[in-house]
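First the structure, in the form of structure tokens, and then the observations on it.
Counting starts at 1 for both ligands and their atoms, following the listed order.
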Amino acid sequence: MDYEGNLRVITERMAIACGKVGRTPDSVRLMGVTKGQQAAAVSAMAALGVKLFGENKVQEAKVKLPLCPSRLTWHMIGHLQSNKCRDAVHLFDMIEGVDSLALAEELEKCAKNKGKVQKILLEVNVAGEASKFGMRAGEVETTLMKINALPHLEIHGLMTIAPYSPDPERARGCFSRLRELKAKCEQTLGAPLPELSMGMSGDFEVAIEEGATIVRIGTALFGARPKWSAVKSSEED
Ligand SMILES: *Cc1c(COP(=O)(O)O)cnc(C)c1O
């Protein structure tokens, strides 16, 4: 796998998308999504300068992260079950998939126990798809205010996964609605929310045009996703 070539192409495409709407390339962070990948893939990408990585399963991250270079930044981007909150708070710098007050309250407990202020993003199911996690757009502001009152959580912004479509333009409305929702939340909160995590391999340029500050890229960086296995299939190396 030509990680260097993939990274160069993605970085260029990100810069072009920024240029199109007058943003500076350093206003968007690239997250390498490493679910399914082995620690060696993380190390290779980190050696090329990627600093931010995302995992979507606590169990997988628990095995993989100790094998990865230190001083990387890790975000939990998947659905989090309340019985995994303790591990998640230990493993991740930011938890992006906070989609209910109940989950936030559980994270608050775990963060308090660890003596940590946990950074979070609220996940919004902008399109209201039944198959997806995330709050409905209409409930975000009320839930935001309740979560904001929890002293060991720090809300940094919003995250969404656009409905899948082979045409990235179909995701534009979803991304622009998340941006508008963030602006409303900032008004309600009376404070800025710096992050908008949106855009994946198939639609990150449109997401950047609509204001993404984090794009979460898996397959376009690492190639087709292998199925995760805690034990490598070949033990020769
Ligand atoms: C897997 C995943 C991604 C990356 O998807 P690709 O299409 O491989 O880039 C991004 N965000 C979330 C939440 C994911 O689960």
Side-chain angles (χ1 to χ4, degrees), residues 1-3 5-14 17 28-38 41-42 44-45 48 50-62 64-65 72-81 84 88 91-100 103 119-135 156-172 174-175 178 195-229:
M1 186 53 57
D2 180 10
Y3 290 155
N6 290 353
L7 179 60
R8 193 181 327 111
V9 168
I10 295 292
T11 308
E12 279 169 13
R13 286 171 60 187
M14 287 174 66
V28 190
R29 281 191 291 166
L30 168 64
M31 174 197 289
V33 174
T34 50
K35 63 189 188 203
Q37 306 290 344
Q38 296 293 332
V42 180
M45 209 50 91
L48 295 169
V50 178
K51 296 181 177 69
L52 172 63
F53 292 91
E55 284 285 333
N56 75 332
K57 290 201 178 77
V58 170
Q59 284 313 107
E60 184 174 332
K62 222 174 149 174
K64 194 184 300 179
L65 269 56
L72 299 177
T73 303
W74 288 95
H75 288 193
M76 168 68 183
I77 60 172
H79 179 67
L80 185 58
Q81 292 162 298
K84 304 272 168 59
L91 290 165
F92 293 102
D93 300 288
M94 189 181 278
I95 295 174
E96 296 202 1
V98 177
D99 60 359
S100 72
L103 177 61
K119 296 175 190 169
I120 62 167
L121 301 184
L122 305 188
E123 181 174 359
V124 187
N125 184 351
V126 178
E129 288 176 286
S131 60
K132 289 245 172 77
F133 293 105
M135 296 175 203
H156 280 240
L158 305 179
M159 177 268 210
T160 198
I161 304 171
Y164 176 76
S165 163
D167 175 10
E169 280 301 328
R170 297 284 297 274
R172 190 179 292 277
C174 172
F175 296 147
L178 194 73
E195 304 287 5
L196 266 183
S197 173
M198 56 191 197
M200 321 202 320
S201 291
D203 56 19
F204 67 91
E205 286 139 314
V206 173
I208 290 171
E209 288 170 32
E210 295 299 332
T213 62
I214 299 172
V215 290
R216 309 179 307 264
I217 314 274
T219 47
L221 265 185
F222 293 98
R225 205 154 17 242
K227 201 168 152 30
W228 165 251
S229 149

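- The pair E60-K57 fails the salt-bridge criterion, with no side-chain N (NZ, NE, NH1 or NH2) lying under 4.0 Å from an Asp/Glu carboxylate O.
- The 12-atom threshold is not exceeded at CZ of F133, counting heavy atoms of other residues, nucleotides or ligands nearer than 6.0 Å.
- Taking any N or O of G218, backbone or side chain, at least one lies under 3.5 Å from an N or O belonging to ligand 1.
- Near R216, the atoms of ligand 1 lying under 4.0 angstrom from a non-hydrogen atom of the residue are 4 (C), 9 (O), 10 (C), 11 (N), 12 (C), 13 (C).
- Of all the atoms in ligand 1, the ones that sit under 4.0 Å from a non-hydrogen atom of I161 are 13 (C).
- By the 4.5 Å heavy-atom criterion applied to side chains, R170 and D203 are not counted as neighbours.
- When side chains are defined from C-beta on, I214 counts as touching H75, because their heavy atoms get closer than 4.5 Å.
- Residue N56 has no nitrogen or oxygen atom sitting less than 3.5 Å from a nitrogen or oxygen atom of ligand 1, judged on distance alone.
- Nearest approach of L7 to V50, heavy atoms of both residues: CD1-CG2, 3.7 Å.
- Atoms of ligand 1 lying under 4.0 Å from at least one heavy atom of I217, given by number and element, are 9 (O).
- At a heavy-atom distance under 4.0 Å, no atom of E96 approaches ligand 1.
- Side-chain contact check for E195 and H156: no donor-acceptor pair (N or O, by modelled atom type) lies under 3.5 Å.
- The protein atom (non-hydrogen) at minimum distance from atom 5 (O) of ligand 1 is M200 CE, 3.8 Å.
- Residue-ligand proximity, K35 to ligand 1, at heavy-atom distances under 4.0 Å covers atoms 1 (C), 2 (C), 3 (C), 14 (C), 15 (O).
- In terms of protein heavy-atom proximity, atom 6 (P) of ligand 1 is closest to S201 OG, 3.5 Å.
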Derivation and outcome, ring-ring contact (aromatic ring centres under 6.0 Å, His included), residues W74 and F92: CA-CA 5 Å; W74 288 95; F92 293 102; 7.2 Å; no
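- In this structure, atom 13 (C) of ligand 1 lies nearest to the protein heavy atom I77 O, 3.5 Å.
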